[in-house]
Amino acid sequence: MHRENEGVLQLREQERAKLWQRLIERLEQYFRELPEIPVAQTPNVAALRALLSSFDFSEPGDPLEAVEFVIEELRRTQVHTPHPRYFGLFNPAPTTMGIAADTIVAALNPQLAAWSHNPLASEIERHLVLAFGQRFGWQAPNIDGVFCTAGAEANHTAVLTSLCHAFPEFRASGLRGLPRQPVLYISGEGHHSILKAARLCGLGTEAVHEVDVDDSLRLEVGSLEARISEDRARGLAPFLVVATAGTTSAGVVDQVDSVAAVANREGLWLHADAAWGGAAVFVPELRDILAGIERADSIIFDAHKWLSVPMGAGIYLTRHPEILTQTFSTATGYMPGAHLDTVDPYSHSIQWSRRFIGLKVFLSLVVAGWPGYEAVLRRQVQLGKLLGEKLRAAGWEVINRTRLPLVCFVDRKSKDGRTLEYLQAISDWVVQSGKAWISVCRLARGLSGLRACITSYRTTPDDLDALVDALEAARESVAAAQS
Ligand SMILES: *Cc1c(COP(=O)(O)O)cnc(C)c1O
């Protein structure tokens, strides 16, 4: 019986050898064929459910067939975010070292709740936290942080730490214990994970005060100041302002320095949401767009976005070395204790049992080095510029201002070229054609645009031409349908 269990869970040695070999062959084949396969397919829910209905798990199955099934069906149905013509939402083409890291992590299954269960893994993450903190302009010992599932958890961590900082009584008595209602500020272009975090913290979404943006879609600092003094006059308790460094829709970077000046004067925690745009610190000629980010109390950065590690790898960073412990530590009778000056990750994180998220970042960085990443990021920035030029030449108008490789554009050639309906039709046509993946974005002041972001490190100038050609075909097809 014992051997039987081993047989179905661990598989026998020969079966394992075949499985690993097939798996690697299939992955290599996927990456080889990727540029030629459609970027996306129209989903068919009924067909997918019918396909899965044959799995009733009533008897053991064949491992090779099972793996083959999954790879083939994912290949047939998913939006291929690793594709060179995926111009999408910051989802990476994964680094090879990241894939290797996730494989090691799955196999050795390190537990990152307690330091003593995995000293090396804990210290690798600490080392990375310090390295990233320094790149953002901080110095040890005033750097701390924690790896998170992704940016949403990292933003949630930021809201929690800022609450604990502003209201030390929050830790024990929660919001119930506060004499005044806390409120926080973010621009209307900021990420909605902050709204979710506010709900999860018990603040509610009404505690999130959206601040107007200027003509460049950056948080308007004058409006922020006015809003804070109004709120104080109404008896509310402002505690946090979020500056976004690289908005999701248009890649716009708030003026972190000016926002920091207000936060400083008003005694508010400054959080920089640099999930995607934070990568600008790794490229010397882009560094200035993040000027002032070192004044932030906390920063989040997603390594699974522009550093291209497999999803997900959010990093929460802070220059307040005690705040994570103050926010998350709990004494237990069953967790092993920490050693000397080490910390137990579970006392620093929303999570308890935790996967070794940092390894894919570590191995990718060991192999690429900062210079390797710098070159890749720089090339993507150049491709972004080139895309803007090609689009203008083809009669599209670029409507966002950013030095990051994200282009929002409308159609100058069509009288409906700025309407959401028209832009959606163009985007749908392009996506359904399988030639490229783009989307529609809605910006402040009722503006809409098509959105294309250089997301994959595999993208080349030829892929940009393919996108512009697909857009031209979409334009003709939509025009024909309208007449
Ligand atoms: C992607 C993103 C988030 C959310 O991060 P996830 O990794 O998707 O959870 C938050 N803020 C910004 C600016 C983002 O781009």
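Both backbone and side-chain heavy atoms feed into the values below; hydrogens, waters and symmetry mates do not.
Considering only heavy atoms from C-beta on, Thr318 stays 4.5 Å or farther from Thr157 through its side chain. The shortest distance between side-chain heavy atoms of Met97 and Val366 does not fall below 4.5 Å. At a threshold of 4.5 Å between non-hydrogen side-chain atoms, the residues Glu25 and Arg22 count as touching. At a threshold of 4.5 Å between non-hydrogen side-chain atoms, the residues Ile357 and Gln351 count as touching. Looking at Leu219 and Thr244, their side chains never come closer than 4.5 Å, going by heavy atoms from C-beta outward. No side-chain heavy atom of Thr81 sits under 4.5 Å from any side-chain heavy atom of Thr455. Contact of the Asn91 side chain with the Val79 side chain is not registered, since no non-hydrogen atoms from C-beta on lie closer than 4.5 Å. Two residues are said to be in side-chain contact when any heavy atoms from C-beta on lie closer than 4.5 Å; Val376 and Phe282 fail this criterion.
Both the sub-6.0 Å distance and the 45° axial angle are not jointly satisfied by Arg26 relative to the ring of Phe69.
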For this session: Decide yes or no on ring-ring contact (aromatic ring centres under 6.0 Å, His included) for Tyr185 and Trp269, but give the supporting numbers first.
Result: CA-CA 10 Å; Tyr185 305 89; Trp269 181 283; over 10 Å; no

For this session: Report the C-alpha separation of Leu324 and Val343 in whole Å, then their side-chain angles, then the decisive distance to 0.1 Å, and conclude whether the side chain to side chain contact (heavy atoms under 4.5 Å, CB included) test is met.
Result: CA-CA 10 Å; Leu324 283 169; Val343 291; over 6 Å; no

Problem set entry | Stepwise side chain to side chain contact (heavy atoms under 4.5 Å, CB included) check, Asp288 with Arg403 | CA-CA 11 Å; Asp288 64 288; Arg403 282 156 62 198; 3.0 Å; yes

For this session: Evaluate salt bridge (charged side-chain N to carboxylate O under 4.0 Å, His left out) for Arg76 paired with Glu72, printing each intermediate quantity in order.
Result: CA-CA 6 Å; Arg76 207 172 56 78; Glu72 188 49 37; 5.8 Å; no

Problem set entry | Test log, rule side chain to side chain contact (heavy atoms under 4.5 Å, CB included), inputs Val242 and Val159 | CA-CA 9 Å; Val242 180; Val159 177; 6.0 Å; no

For this session: Could you please spell out the steps behind the ring-ring contact (aromatic ring centres under 6.0 Å, His included) verdict for Phe362 and Phe147?
Result: CA-CA 12 Å; Phe362 182 72; Phe147 276 83; over 10 Å; no

Exercise. Side chain to side chain contact (heavy atoms under 4.5 Å, CB included) between Trp396 and Val407: does it pass, once the steps are laid out?
Worked result: CA-CA 11 Å; Trp396 305 89; Val407 188; over 6 Å; no

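Ring pair Trp276/Phe90 is parallel by interplanar angle, where below 30° counts as parallel and above 60° as perpendicular. The aromatic rings of His165 and His320 lie tilted to each other, with the angle between the two planes from 30° to 60°.
Taking CG of Leu377 as the start and CG of Leu307 as the end, the distance is 6.5 Å to the nearest 0.5 Å. The line from NE2 of His156 to OG of Ser193 is 10.5 Å long, rounded to the nearest 0.5 Å. If you take CD1 on Ile438 and CZ on Phe87, they are separated by 9.5 Å, rounding to the nearest 0.5 Å. Between the OG atom of Ser448 and the CD atom of Gln424 there is a distance of 9.5 Å, given to the nearest 0.5 Å. Here CD of Gln29 is found 11.5 Å from CG of Leu34. Values are rounded to the nearest 0.5 Å. To the nearest 0.5 Å, atom CG of residue Leu450 and atom SG of residue Cys441 are 8.0 Å apart.
Nearest heavy-atom pair across Leu112 and Ala121 is CD1-CB, 3.6 Å. Residues Leu290 and Ala245 share a closest heavy-atom pair of CD2-CB, 3.6 Å. Closest of all the heavy-atom pairs between Thr459 and Pro84 is OG1-O, 2.7 Å. The minimum heavy-atom distance linking Asp411 with Gly395 is given by the pair OD1-O, 3.7 Å. Closest heavy-atom contact between Pro461 and Leu386: CB-CD2, 4.1 Å. Residues Leu423 and Gly417 share a closest heavy-atom pair of CD2-O, 3.4 Å.
Environment of CZ in Arg199: sparse, with no more than 12 heavy atoms of neighbouring residues, nucleotides or ligands closer than 6.0 Å. Residue-environment remark: CZ (Arg16) exceeds the threshold of 12 foreign heavy atoms within 6.0 Å. Annotation for Glu421: atom CD does not count as buried by contact number, only 12 or fewer foreign heavy atoms lying within 6.0 Å. Summarising the local packing, NZ of Lys390 is surrounded by more than 12 heavy atoms from other residues, nucleotides or ligands at distances under 6.0 Å. In this structure, Arg126 places its CZ atom where only 12 or fewer heavy-atom neighbours from other residues, nucleotides or ligands lie under 6.0 Å away. Sparse packing is recorded around CH2 of Trp20, with 12 or fewer heavy atoms of other residues, nucleotides or ligands lying under 6.0 Å away. By the neighbour-count criterion of 12 heavy atoms within 6.0 Å, atom CZ of Arg442 is sparsely surrounded, having that number or fewer from other residues, nucleotides or ligands.
For the salt bridge (charged side-chain N to carboxylate O under 4.0 Å, His left out) criterion with Arg85, the lone passing option out of Asp469, Asp463, Asp462 is Asp463. When each of Phe31, Trp437, Tyr30 is tested with His80 by the rule ring pair (Phe, Tyr, Trp, His ring centres under 6.0 Å), just one qualifies, namely Tyr30.
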Listing, residues 134-144 side-chain donor-acceptor contacts under 3.5 Å, not counting sequence neighbours, or none:
from   : atom 1 : to     : atom 2 : distance (Å)
Trp138 : NE1    : Glu294 : O      : 2.8
Asp144 : OD2    : His348 : NE2    : 2.7

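In terms of modelled atom types and a separation under 3.5 Å, the side chain of Lys360 and the main chain of Gly312 share a donor-acceptor contact. Panel note: side chain Tyr457, backbone Pro94; a donor-acceptor pair is recorded below 3.5 Å. Side-chain N or O atoms of Ser364 include none that pairs as donor or acceptor with a backbone N or O of Val361 at under 3.5 Å. In terms of modelled atom types and a separation under 3.5 Å, the side chain of Asp257 and the main chain of Ala291 share no donor-acceptor contact. No donor-acceptor pair under 3.5 Å is formed between the side chain of Arg458 and the backbone N or O of Pro35. Put simply, the side chain of Asp214 never gets that close to the backbone of Glu220: no donor and acceptor are under 3.5 Å apart. Distance alone, capped at 3.5 Å, is enough to place a donor-acceptor pair between the Asn44 side chain and the Ala46 backbone. Side-chain atoms of Asp302 do not come within 3.5 Å of backbone N or O of Lys305 as any donor-acceptor pair. A donor-acceptor distance shorter than 3.5 angstrom exists from the side chain of His83 to the backbone of Ile37, with no hydrogens or angles considered. The closest donor-acceptor contact from the side chain of Ser116 to the backbone of Ala114 lies at 3.5 Å or more, if one exists at all.
Taking the six-membered ring for Trp and the full ring otherwise, the centers of Trp429 and Tyr422 sit at least 6.0 Å from each other.
We find that Arg445 and Asp212 are not joined by a salt bridge, their nearest charged nitrogen and carboxylate oxygen being 4.0 Å or further apart. Note on Glu389 versus Lys385: no salt bridge recorded, every NZ/NE/NH1/NH2 to OD/OE distance being 4.0 Å or above. Salt bridge status for Lys18 with Glu15: absent, with no side-chain N to carboxylate O gap under 4.0 Å.
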